[in-house]
Amino acid sequence: MRDFLRSLTTAGLLSAGLLATALPGHAQHALRFVGADADQVLVPLPAPTGSFTLEAWVKYTDATYVGGHNTIVEFDNDEPYFGIMGTGALELYTQQTSSPVLVPTGSWHHVACAFNRAAGTVALYLDGVLVGTNPSATLSVPTTTTMGIGYNFGDWGWRGEIDEVMVWNTPRTPAQIQADRAGYQVAQAGMLAYFKFDEGVGQTVTNLVAGGPNGVLGTTIAVELKDPQWTNSNVVATPYDLPAPAPALALAVSPNPAAGSATITYELPAAAPSVHLTITDALGREVTRFVRTQQPAGTHTVPFEGRNLPAGLYTCSLTTATGRRTTRLVLTR
């Protein structure tokens, strides 16, 4: 079963915004999964038979993806399956698309897939940005009765941490998925399941949806080898792209994704004695630096030429004496 061809694969890019740092008092708990033991959370939740959206915050802690298909959420056996391929590309079984940018390991990222059964479309999102689509998706109507988080049937178990799992019975819009990344205090209309994993102890994980089924660590309420472990979570409290408290810096790159040339636009709330703009690659290596001095308040633009750089994910950082702002840039070919 591990050799099943899967996929609405992607890889595509991360969204604009602030650095991912937890706010005081927000960090609570997540679950840590050990892939070798196929750790999982089992939930007696039938798969949506119509449109759906699956979302989660994930952190893969190995340096590279070791399995062919690393499970985030799966209903029974691939009905549907949502995870990350061994290449690092996001996937929803059984549709396929791809792009050169992969989901980075070692840090938290928000992932989502939205299936519109009426329109026959699938959309994949990484950190709130659309990174893969299929305009002619043909997912079968499921007859499943159980959902596994981190593992379910015949694939590779997650190796790392998972938090904030959402299951919706609607295809969420890009704007809604941007908002979902912040999480909610209570379940929202259209949710079938919402697991915040903030219990911190015990064998039961609470579904915040009223009347919705709870989950258990492993496959039974008893302690098992397949139980994931409770751990502290540092998932961000607000979406990357919400403005910081005033005075705020603003930063954007357009077009994004870009085939080569792009324009960096930033706004200063007050005059700045110096402005530093840097572009770094996915490994943190600086590839471009812009330095400006004595800039007035207001909107400024800088041209960026990326035709000689490899396709992939880059980070644009704006630094002044009063703060720092980052946004992601995807270069394609």
Quick one: does [X]'s side chain get under 4.5 Å of [Y]'s, heavy atoms only?
| X | Y | result |
| --- | --- | --- |
| Arg181 | Tyr125 | no |
| Pro228 | Val41 | yes |
| Leu90 | Phe82 | yes |
| Phe33 | Ile72 | no |
| Leu31 | Asp39 | no |
| Leu54 | Phe75 | yes |
| Phe304 | Leu329 | yes |
| Arg292 | His300 | no |

Requested in this report: For Tyr65, enumerate each residue passing the ring pair (Phe, Tyr, Trp, His ring centres under 6.0 Å) test, keeping only those at least two apart in sequence or located in another chain.
Outcome: Tyr60
Requested in this report: Just jot down the ring pair (Phe, Tyr, Trp, His ring centres under 6.0 Å) partners of Phe197, sequence neighbours excluded, or say none.
Outcome: none
Requested in this report: For Thr170 and Ser51, run side chain to side chain contact (heavy atoms under 4.5 Å, CB included): C-alpha distance rounded to whole Å, both residues' side-chain angles, the deciding distance at 0.1 Å, then the answer.
Outcome: CA-CA 5 Å; Thr170 59; Ser51 300; 5.8 Å; no
Can you measure from [atom1] ([X]) to [atom2] ([Y]) and round to the nearest 0.5 angstrom?
| X | Y | atom1 | atom2 | value |
| --- | --- | --- | --- | --- |
| Leu102 | Leu126 | CG | CG | 10.0 Å |
| Cys113 | Tyr93 | SG | OH | 15.0 Å |
| Asn214 | Leu45 | CG | CG | 11.0 Å |
| Arg117 | Thr138 | CZ | OG1 | 9.5 Å |
| Ile149 | Leu217 | CD1 | CG | 10.0 Å |
| Asn77 | Asn152 | CG | CG | 8.0 Å |

Taking all non-hydrogen atoms of both residues, which atom of [X] and which atom of [Y] are closest, and how far apart?
| X | Y | answer |
| --- | --- | --- |
| Arg172 | Thr53 | N-OG1, 2.8 Å |
| Thr49 | Pro142 | CG2-O, 3.8 Å |
| Thr144 | Ala47 | OG1-CB, 2.9 Å |
| Gly128 | Ile177 | CA-CG2, 4.4 Å |
| Ala56 | Ile162 | CB-CG2, 4.4 Å |
| Cys316 | Val253 | CB-CG2, 4.4 Å |

Taking [Y]'s backbone N and O only, do any of them form a donor-acceptor pair with [X]'s side chain (distance below 3.5 Å, no angle check)?
| X | Y | answer |
| --- | --- | --- |
| Asp78 | Pro80 | no |
| Thr71 | Trp158 | no |
| Glu74 | Gly148 | no |
| Thr105 | Ala63 | yes |
| Asp127 | His110 | yes |
| Glu91 | His69 | no |
| Asn207 | Pro213 | yes |
| Thr327 | Leu251 | no |
| Asn116 | Ala119 | yes |
| Asn70 | Gly83 | no |

Residues clustered with [X], ILVMFWY side-chain links under 4.5 angstrom:
| X | answer |
| --- | --- |
| Val186 | none |
| Val216 | Leu42, Ile221 |
| Val223 | none |
| Tyr184 | Met166, Trp168, Met191, Tyr194, Leu208, Val209 |

Report task. Please report the C-alpha distance between Glu164 and Lys196 in whole Å, then the side-chain angles of each, then the deciding distance to 0.1 Å, and finally whether the side chain to side chain contact (heavy atoms under 4.5 Å, CB included) criterion is met. Result -> CA-CA 5 Å; Glu164 295 283 332; Lys196 291 182 71 71; 3.0 Å; yes
Query raised in the report: What's the verdict on side chain to side chain contact (heavy atoms under 4.5 Å, CB included) for His29 and Asn232, showing C-alpha distance, side-chain angles and the deciding distance?
Result: CA-CA 4 Å; His29 296 92; Asn232 290 333; 3.8 Å; yes
Requested in this report: Check the angle between the aromatic planes of Phe115 and Phe52 and answer parallel, tilted or perpendicular using the 30° and 60° thresholds.
Outcome: tilted
Query raised in the report: Do any pairs count as a salt bridge (charged side-chain N to carboxylate O under 4.0 Å, His left out) and have a residue in residues 143-153, sequence neighbours left out, and if so which ones?
Result: none
Query raised in the report: Got a sec, which pairs hit salt bridge (charged side-chain N to carboxylate O under 4.0 Å, His left out) with one end in residues 214-231, sequence neighbours left out?
Result: none
Report task. Walk me through it: do Glu199 and Thr206 pass the test side chain to side chain donor-acceptor pair (under 3.5 Å)? Result -> CA-CA 8 Å; Glu199 293 84 354; Thr206 302; 3.0 Å; yes
Could you list the donor-acceptor pairs under 3.5 angstrom formed by side chains in residues 277-286, with sequence neighbours left out?
unit_1, atom_1, unit_2, atom_2, d
Asp281, OD1, Leu283, N, 2.9
Asp281, OD1, Gly284, N, 3.1
Asp281, OD1, Arg285, N, 2.8
Asp281, OD2, Arg285, NE, 2.7
Asp281, OD2, Arg285, NH2, 3.0
Glu286, OE1, Arg289, NH2, 3.0
Glu286, OE2, Arg289, NE, 3.1

Report task. Could I get the full list of side-chain hydrogen bond (donor to acceptor under 3.5 Å, both in side chains) partners for Thr320, not counting sequence neighbours? Result -> Thr322
Report task. Please name all residues satisfying side-chain hydrogen bond (donor to acceptor under 3.5 Å, both in side chains) with Gln176, sequence neighbours left out, ordered by chain then number. Result -> Thr173
**Report entry** Which residues share a side chain to side chain contact (heavy atoms under 4.5 Å, CB included) with Thr231, sequence neighbours left out
**Finding:** Ala30, Arg32, Glu161
**Report entry** Audit row: Leu139, Leu92, side chain to side chain contact (heavy atoms under 4.5 Å, CB included) steps and yes/no
**Finding:** CA-CA 10 Å; Leu139 289 174; Leu92 174 68; 4.0 Å; yes
Query - Worked check of side chain to side chain donor-acceptor pair (under 3.5 Å) between Arg159 and Thr61 - result: CA-CA 6 Å; Arg159 300 173 70 92; Thr61 51; over 6 Å; no
